[in-house]
Amino acid sequence: MDNVKKLSVLALSIAAALPVSAKADLLISEYVEGNSNNKAIELYNSGDAALDLTGYKLVRYKDGDTNALDMVALDGLTIDAKKLKVILHPSAEIALGSDVDSSTGNLYFNGGDAVALVKDGAVVDIIGAVPTPSGWGMNVTMQRNTDALVASNVFVESQWKVLPVDTFTGLGNLDGASAPTEPEAPAFTCTGAKITPIYSVQGAGKSSPLIADGEYASKEEVTIRGVVTARGDSLFKGFYLQEVEGDNSPYTSDGIFVFLGEAAGEEIQPGVEVCVQGLVKEYYGLTQVDIKADKKIEVGENLGAPAAQPFYVADGESLGDALERFEGMHVVLDAGSDMKVSRTFSYDYAARRNNMMLSHKAPLMKATQLYPAMSDEAIALEAQNRANQLFIESDYKAKDGEVPYFPTFNAENGYIRVGDQLTNLQGVVSYSYNEYRLVATNEIVAGDFIRGDDRSDAPAIATKGDIRVASFNVLNFFNNAVGGDDTPADNRGANTEEEMLLQRTKIVNAITAMNADIVGLMEIGNNGFGEKSAIQNLLDALNAELSDADAYSFVEINDADKYQGKFVGSDAITVGMLYRAAKVTPSGDAFLIATPEQHATAGVVTRGEGDKAELSPAFDKYQRHSLGQTFKIHDEQLTVVVNHLKSKGSGCVEDWANYEDNSDPADLQGKCNEFRVSAAKVIGDALQDVKGDLLVIGDMNAYGKEDPIRVLTDFDAANSDRDIMTASWTTLDGKVYEREGSKIEKGYGLINLNTKVHGPDTYSYSYNGELGNLDHALANTSLAERVLDIQDWHINAVESNLFEYGSKYTGELAKSENAFSASDHDPVIVALSYPAPKPEPKPEPEEKDDGGSLGYLGLMLLGLAGLRRRN
């Protein structure tokens with residue numbers, strides 16, 4: 001509670017500004033923030049008459065916020081004069097006396113949240129400062145002193161008594177007096193009990209053999225004894241026990257989790273022998289012994305923690321099978337474990353915390369990067385990927401910008417990359433949120449990551465070929481923070497000048513190292529081409545680092561093609577193109593390819609049948625225009641088209657119709673796939689008559705074997721088991737394009753250069769622990785013949801996003817100006833052969849007789865002349 005004493009002037013001023021009722025008979029008299037759902041607020045009516053609580057509610061100020069969130073409306077409740085009412089969380093395990101007036105409500109405050117009593121929008125009483133110091137009020141009970149029962153909109157610490165976590169005896173008693181105590185039960189002991197070995201509780205299957213089929217708990221309690229290997233104070237509330245000797249069987253685990261429902265006592269530490277008795281339960285896939293209710297536990301001597309067992313995956317088994325064999329045990333990942341980073345330390349939406357994900361032998365590849373959607377191979381790889389995941393956790397949620405088990409994590413030499421092999425990390429094998437999790441118990445250093453593909457300061461392709469063309473998604477490069485012109489929609493990029501300058505420096509360093517002669521850009525702020533535009537800002541910074549011979553210019557479209565005379569379409573972000581005038585020359589005007597929009601009014605689509613039939617809501621979906629420019633290189637023509645198709649995140653009408661508007665589509669291609677196919681069709685049609693070489697680049701938001709890429713390349717309906725369809729209810733240039741989706745019969749014949757040169761298992765992007773190419777380079781036949789090499793320069797996809805420019809979730813983590821994590825997409829670079837024409841040879845001059853020597857023919861002529869003279 002020391003943080004309360006540091007109440008700032010800001011907090012006082014905010015509290016003073018809170019609206020407060022003129023008269024307040026109702027006040028907060030006790031606050032309980034205990035383990036799990038043990039939360040309660042006690043209210044006291046200090047008035048002389050019964051009080052109707054209609055219009056009153058309890059609110060919280062979450063994690064330092066100054067705006068309140070509603071919790072419990074108290075309408076319909078009453079409190080008699082000079083009486084109490086206790087509001088409990090519905091799942092709280094708090095026993096109250098039979099004479100205590102209580103009610104339940106959704107109390108979801110936590111440590112760090114102030115709680116206020118509000119009447120008709122005005123604060124009546126409050127516990128905790130606003131803004132609330134981090135960690136305030138966590139795991140405590142607070143009772144108001146009886147001489148301070150006056151409501152106030154300013155929290156005064158001295159008016160409250162602080163008690164240990166899960167102290168409930170004062171609830172319902174104004175003076176905090178304890179309820180009559182029950183006679184103490186005799187202390188639990190294992191003496192004389194039948195001890196069941198932990199490996200017998202675990203068994204050799206997915207669940208304990210002591211639990212009957214169809215049940216989730218054993219009928220009888222078991223008594224187990226082992227040595228503590230780890231405590232679980234937050235993520236898993238309890239501790240892990242392990243047999244000292246075990247049964248030496250590779251099929252059964254020697255460890256198990258003991259569920260307490262709260263943090264373990266201080267006496268329970270690694271190495272201490274403990275005996276417990278409770279039911280065996282399968283809790284969402286985790287085998288555990290549950291002693292929460294009765295706390296049947298006996299703590300023995302400290303025998304020393306057993307050594308962590310090397311984790312391994314046996315031949316012929318999956319990672320999941322191996323983890324089941326080790327469930328509950330303390331293990332170490334060594335070189336033989338062969339565990340690779342598949343997602344660097346970042347936010348896990350399923351677990352709602354930062355963590356890292358490993359896979360066995362190699363990082364996971366997106367199924368639709370390698371195989372067409374819904375093919376047997378794609379379905380099999382998806383299932384294999386799901387069985388090849390291990391999440392690395394810490395017991396407590398990590399602070400922003402910190403990796404709890406890797407304290408020297410940093411942007412320069414303490415980084416983590418996808419593909420690294422992790423060694424020397426110890427932890428206990430557990431299971432939650434349908435995934436196996438290794439809860440780390442030690443700390444590691446940078447040397448514990450064995451680099452498979454380490455950082456390179458420049459791509460290997462940077463000096464290859466006569467011309468290089470790159471595609472680079474620059475992760476919402478906006479210059480609003482430094483006074484840039486407005487975009488058609490809100491700023492999605494840097495919020496401060498510091499963030500923006502860091503982002504720009506990282507992008508400039510990346511482009512400089514790429515040494516490309518043409519650079520297609522995606523996600524650049526769409527604020528025109530003027531002096532205060534994002535593309536001009538980037539260009540100026542880039543050219544400041546280059547010689548005149550290497551300087552760039554940008555491609556600008558005609559005014560007639562600009563939206564509102566300024567923008568490239570109406571989105572906040574757009575595509576752009578840079579080129580080196582010393583190497584390539586624009587030929588003709590730049591051109592736009594407008595892509596379809598989807599406009600479906602409410603009710604035009606139906607899903608379900610009969611009484612369950614539903615009519616669709618309205619859908620208005622857009623995607624960005626494509627930008628093209630033809631360049632003259634010597635006597636050849638190269639047309640480059642930059643694209644950024646609709647993202648996979650927000651749903652289109654087809655997703656709604658398939659009941660996939662709130663889930664990931666089953667075909668693994670993400671939402672709005674048909675909409676992207678419509679764009680691919682329009683782009684393919686628009687480019688059919690291009691003369692010379694053609695290169696289509698950009699972030700297609702489609703992996704290598706997904707429908708939009710197949711449409712642009714080699715799809716043939718005659719050889720496919722599955723139809724590829726365009727979207728319905730689309731318009732193009734303001735006119736109806738397709739009311740109903742149409743079937744694609746044939747692809748447009750472009751060549752996927754990455755697949756041609758390297759095969760399908762290439763990548764430029766990582767999402768949810770899987771790698772694949774969203775960024776592509778597609779060529780016509782003549783351009784493909786010029787390709788010397790293509791490279792995805794892995795500076796972003798495999799790096800931690802904590803090193804990106806944004807600082808919202810990175811705390812005090814120091815950032816670097818290097819090129820790594822300049823974006824979330826890797827640049828794709830193509831090296832092309834455009835040799836300069838060889839000059840035609842000039843005719844050799846005839847040799848002249850200098851009189852000094854005569855050839856054979858000369859001698860003959862002289863001889864003939866002499867004969868003539870003699871005759």
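All values reported here derive from a predicted model rather than from experimental measurement.
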Looking at every non-hydrogen atom in both residues, tell me the closest pair between Leu521 and Val474 and how far apart they are.
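So the minimum-distance heavy-atom pair works out to CD2-CG1, 4.1 Å.
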Give me the atom names and distance for the closest heavy-atom approach of Phe345 to Ala398.
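The pair with the smallest heavy-atom distance is CZ-CB, 3.8 Å.
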Are the side chain of [X] and the backbone N or O of [Y] linked by a donor-acceptor pair below 3.5 Å?
X: Tyr659; Y: Gly608; answer: yes
X: Glu654; Y: Asn673; answer: no
X: Arg676; Y: Ser647; answer: yes
X: Gln598; Y: Ser728; answer: yes
X: Asp716; Y: Asp714; answer: no
X: Thr731; Y: Gly734; answer: no
X: Asn796; Y: His825; answer: yes
X: Ser318; Y: Ala387; answer: no
X: Gln623; Y: Phe675; answer: yes

Salt bridge or not between [X] and [Y]? Use side-chain N to carboxylate O under 4.0 Å.
X: Glu706; Y: Arg710; answer: no
X: Asp486; Y: Lys566; answer: no
X: Lys292; Y: Glu93; answer: yes
X: Asp348; Y: Arg353; answer: no
X: Lys39; Y: Asp113; answer: no
X: Asp707; Y: Arg722; answer: yes
X: Glu674; Y: Lys646; answer: no
X: Lys671; Y: Asp655; answer: no

Decide whether a cation-pi geometry holds between Arg60 and Phe109; the criteria are a distance under 6.0 Å from NZ or CZ to the six-membered ring centre and an angle within 45° of the ring axis.
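Negative - Arg60 is either too far from the ring of Phe109 or too far off its axis.
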Decide whether a cation-pi geometry holds between Lys119 and Tyr56; the criteria are a distance under 6.0 Å from NZ or CZ to the six-membered ring centre and an angle within 45° of the ring axis.
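Positive - Lys119 is close enough to the ring of Tyr56 and near enough to its axis.
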Is there a donor-acceptor contact under 3.5 Å linking the side chains of [X] and [Y]?
X: Gln669; Y: Asp667; answer: yes
X: Tyr436; Y: Glu324; answer: yes
X: Asp792; Y: Asn773; answer: yes

Check whether the ring centres of His776 and Tyr703 lie less than 6.0 Å apart, and answer yes or no.
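That pair fails the under 6.0 Å test.
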Measuring from [X]:[atom1] to [Y]:[atom2], what's the distance to the nearest 0.5 Å?
X: Thr574; Y: Met522; atom1: OG1; atom2: CE; value: 10.0 Å
X: Ile87; Y: Leu107; atom1: CD1; atom2: CG; value: 7.5 Å
X: Asn658; Y: Cys652; atom1: CG; atom2: SG; value: 11.5 Å
X: Leu69; Y: Leu58; atom1: CG; atom2: CG; value: 13.0 Å

List the steps, then state whether ring pair (Phe, Tyr, Trp, His ring centres under 6.0 Å) holds for Tyr763 with Tyr765.
CA-CA 6 Å; Tyr763 62 89; Tyr765 191 71; over 10 Å; no
Using the side chain to side chain contact (heavy atoms under 4.5 Å, CB included) definition, which of the options Ile524, Leu592, Leu627 pairs with Val575?
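Answer after filtering Ile524, Leu592, Leu627: Leu627.
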